[in-house]
Amino acid sequence: MRVIVIGGGISGLSAAYYLAKHGVASTLIEREARLGGIIATERAAGCVLEAGPDSYLAQKPWALHLIRELGLGDDVIGSNDHLRVTYVQKRGRLVPLPDGLMLMIPTRISPLLRTSLLGFETKLRMGMEWFRRPRNGWQPDRSVAEFVAAHYGWEAVDYLAEPLLSGVYGGDPGNLSVTSVLPRFVELERKYGSLTKGVLRERRKAAGHAKGMPLFQTLKGGLGQLVDALVAQTRPSPVVLHAAAQAVEWVPEAGVWCVRAGGEWLEADRLVLACQAYQAAALLGATDGELAALLGSIPYSNSITISLVYDKAGFGHPLNGFGFLVPKSERQLLVACTWVGTKFSHRVPEDKAVLRCFVGGEDPGVLALSDRELVTEVRAELAAIMAVSETPVFTHVARWPRSMAQYTVGHADRLARIESRLERLPGLHLAGNAYRGIGIPDCIRMGKQAADAIAAPEGGLKTTAAR
Ligand SMILES: Cc1cc2nc3c(=O)[nH]c(=O)nc-3n(C[C@H](O)[C@H](O)[C@H](O)COP(=O)(O)OP(=O)(O)OC[C@H]3O[C@@H](n4cnc5c(N)ncnc54)[C@H](O)[C@@H]3O)c2cc1C
């Protein structure tokens, strides 16, 4: 069977790896000279610098399974959760998130009462939320902002949901779909009415299950280790073609897919599109205009990471936490900043301090700024927020335009329509952060599902679109 995988990020690499485990060789087409997509680890001044993702959620098992299979189990490290404090900027000052929050759901009373992040009315409302009753019947999809406001009020949206989700999705909770972004919370609401009650009840049931598990995991040498191991251990190794796929055609009479890349046409019996949805849309335009339109309608946000490496001696601010988030109402450019050496060991030598800043989101204007302008602006904001006036010994800027798919309201319906179009195109599979999970573990799961479907007895003719 001839299989082509388009896209050499973690989704495509996982598809190629699991295909190879099933004994199916593939051709991997990647337009960049480097494999790994958004995962990119750099080393400088003794520091491990993540230009893209720095870790994955430990709760989702697919990354750890793969990492162990690749023999990297001993290199897995957890986040230093005993030091975990996340600050939120409020009126220019850094205020710690109250203890006991499950994302934006409060589960402990006294830290909530003490915090200066939220006003009295919001606190009262959060307490009263306990008395919400389950509502019967079907509920339409809503935005995350509407959902959170209905439970805890708008201040909880502005100072909890918005900054927390901007850090993860680079998106606006007023647009993001609660059904797709927070499906577990929707389920808790359906079952218990109150999210706080739901979290506490479910936690009691699961007590002891995940005890001691850190929130995040990563690899000592950075997530680039995962990419290197995947490439090295995919046997039979894929033929890697470093060229942009320019067109895709389905030839029904022959039952083959033709892919034009690097000036030649390649044929395949099965095709995995593990590139961004808008790239898949451009490729599929001639084959199925409706499918292409659906894929092309999935919006993406931009992201830029700016790592600033300082000499620790004389560094003004205590790095007593994982970092801070800036809510939209107070935001200039900076969305979030991670205090790298506190969050993870093995990243920053004793004599250095590293601040990893995020800018971006849905404002395309930031991409027009030069690296120098970005660093200057971010340093000015750090001076105002953290009183850091030292000159960094080293800075690193990484740009990720249109990299984070946005699961906007109606995303689940759109996916259902995409899947129904795919049924007409035998042997075509989709994987990637545009579909059912933007984090690394979900991308690995979707790559594996495509590979498993292709290797299944019916030979992957029945399309499974990133379930
Ligand atoms: C700044 C940032 C921080 C993040 N942090 C985290 C984190 O800490 N934890 C976490 O779990 N997730 C995080 N994420 C999300 C996660 O990194 C991504 O969702 C995931 O890596 C996406 O993998 P992918 O393979 O689906 O897509 P990508 O990595 O985007 O790979 C797609 C690949 O397809 C290639 N391609 C596109 N079109 C073509 C074409 N026509 N021909 C050939 N090749 C093509 C691209 O060059 C690219 O290499 C972060 C994302 C960003 C941007």
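Each ligand, and each atom within it, is numbered from 1 in the order the structure gives.
- Ranking the protein heavy atoms by distance from atom 1 (C) of ligand 1 puts S303 OG, 3.4 Å first.
- When S55, G36, A277 are checked for heavy-atom proximity to atom 8 (O) of ligand 1, S55 turns out nearest.
- Any N or O atom pair closer than 3.5 Å counts here, and E32 shares no such pair with ligand 1.
- In this structure, atom 27 (O) of ligand 1 has no protein heavy-atom contact shorter than 4.0 Å.
- With a 4.0 Å heavy-atom cut-off, ligand 1 is reached by no atom of L35.
- At the shortest separation from atom 47 (O) of ligand 1 among protein heavy atoms lies E30 OE2, 2.7 Å.
- Under the 4.0 Å criterion applied to side-chain N and carboxylate O atoms, E267 and R2 are assigned as salt-bridge partners.
- Y18 and Q449 share no donor-acceptor pair across their side chains, judged by distance under 3.5 Å alone.
- Residue A243 touches ligand 1 through its backbone alone, judged by heavy-atom distances below 4.0 Å.
- Closest protein heavy atom to atom 34 (O) of ligand 1: G7 CA, 3.3 Å.
- Proximity to W400 (heavy-atom distance under 4.0 Å) selects the following atoms of ligand 1: 1 (C).
- The CG atom of L241 sits 5.5 Å away from atom CD1 of I29, with the distance rounded to the nearest 0.5 Å.
- Backbone and side-chain nitrogen or oxygen atoms of N433 are examined, and one is located within less than 3.5 angstrom of a nitrogen or oxygen of ligand 1.
- Both the backbone and the side chain of R31 come within contact range of ligand 1, each with a heavy atom under 4.0 Å.
- Heavy-atom contacts of C275 reach the following atoms of ligand 1: 34 (O), 36 (N), 37 (C), 38 (N) (cutoff under 4.0 Å).
- Every atom of ligand 1 is numbered from 1 in the order shown, and the set under 4.0 Å from a heavy atom of G432 is 26 (O).
- In summary, the atoms of ligand 1 found under 4.0 Å from a heavy atom of A274, numbered by their order in the structure, are 32 (C).
- In terms of modelled atom types and a separation under 3.5 Å, the side chain of S237 and the main chain of A232 share no donor-acceptor contact.
- Taking a cutoff of 4.0 Å between a charged side-chain nitrogen and a carboxylate oxygen, K328 and D172 qualify as a salt bridge.
- Nearest protein heavy-atom contact of atom 31 (O) of ligand 1 is G9 CA, 3.4 Å.
- The aromatic ring centroids of Y300 and Y278 lie less than 6.0 Å from each other.
- Of all the heavy atoms of Q246, none lies under 4.0 Å from any atom of ligand 1, so neither backbone nor side chain is involved.
- The closest protein non-hydrogen atom to atom 17 (O) of ligand 1 is P53 CG, 3.3 Å.
- Given atom 42 (N) of ligand 1, the protein heavy atom at minimum distance is A245 N, 2.9 Å.
- Atom CZ of F394 sits about 11.5 Å away from atom NZ of K352, to the nearest 0.5 Å.
- Distance from atom 18 (C) of ligand 1 to its nearest protein heavy atom, with residue and atom name: I438 O, 3.5 Å.
- Polar contact with ligand 1: present for I38 (N/O pair, distance under 3.5 Å).
- D141 and S177 share a donor-acceptor pair across their side chains, judged by distance under 3.5 Å alone.
- Only the side chain of T305 comes within 4.0 Å of ligand 1, counting heavy atoms alone; its backbone N, CA, C and O stay farther away.
- Taking every heavy atom of S403 and a limit of under 4.0 angstrom, the matching atoms of ligand 1 come to 53 (C).
- With respect to the salt-bridge test (charged N to carboxylate O, under 4.0 angstrom), the residues R417 and D413 do not qualify.
- Applying the 4.0 Å criterion to heavy atoms of Q279 picks out, from ligand 1, the atoms 37 (C), 38 (N), 41 (N).
- Remark: ligand 1 and F358 share no N or O pair separated by less than 3.5 Å (distance only, no angle test).
- Close approach of ligand 1 to G52 is summarised as follows: ligand atoms under 4.0 Å from at least one heavy atom of the residue are 3 (C).
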Stepwise, does the side-chain hydrogen bond (donor to acceptor under 3.5 Å, both in side chains) test hold for R414 with T408? CA-CA 10 Å; R414 188 163 43 199; T408 50; 3.2 Å; yes

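- The aromatic rings of W339 and Y87 are tilted relative to each other, their planes meeting at an angle between 30° and 60°.
- With values rounded to the nearest 0.5 angstrom, R421 atom CZ is found 11.5 Å from T287 atom OG1.
- Taking the charged nitrogens against the carboxylate oxygens, R331 and E162 do have a contact shorter than 4.0 Å, which makes a salt bridge.
- For ligand 1, the atoms closer than 4.0 angstrom to any heavy atom of D54 are 8 (O).
- Counting heavy atoms closer than 4.0 Å to ligand 1, residue A431 contributes nothing at all.
- Looking only at heavy atoms of the protein, atom 11 (O) of ligand 1 is closest to I440 N, 2.8 Å.
- Within a 6.0 Å radius of CZ in R399, more than 12 heavy atoms belonging to other residues, nucleotides or ligands are found.
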Between T342 and R84, is a side-chain hydrogen bond (donor to acceptor under 3.5 Å, both in side chains) present by the stated rule, with each step listed? CA-CA 8 Å; T342 315; R84 176 150 61 98; over 6 Å; no

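- Taking a 6.0 Å sphere around CZ of R34, one finds it holds more than 12 heavy atoms contributed by other residues, nucleotides or ligands.
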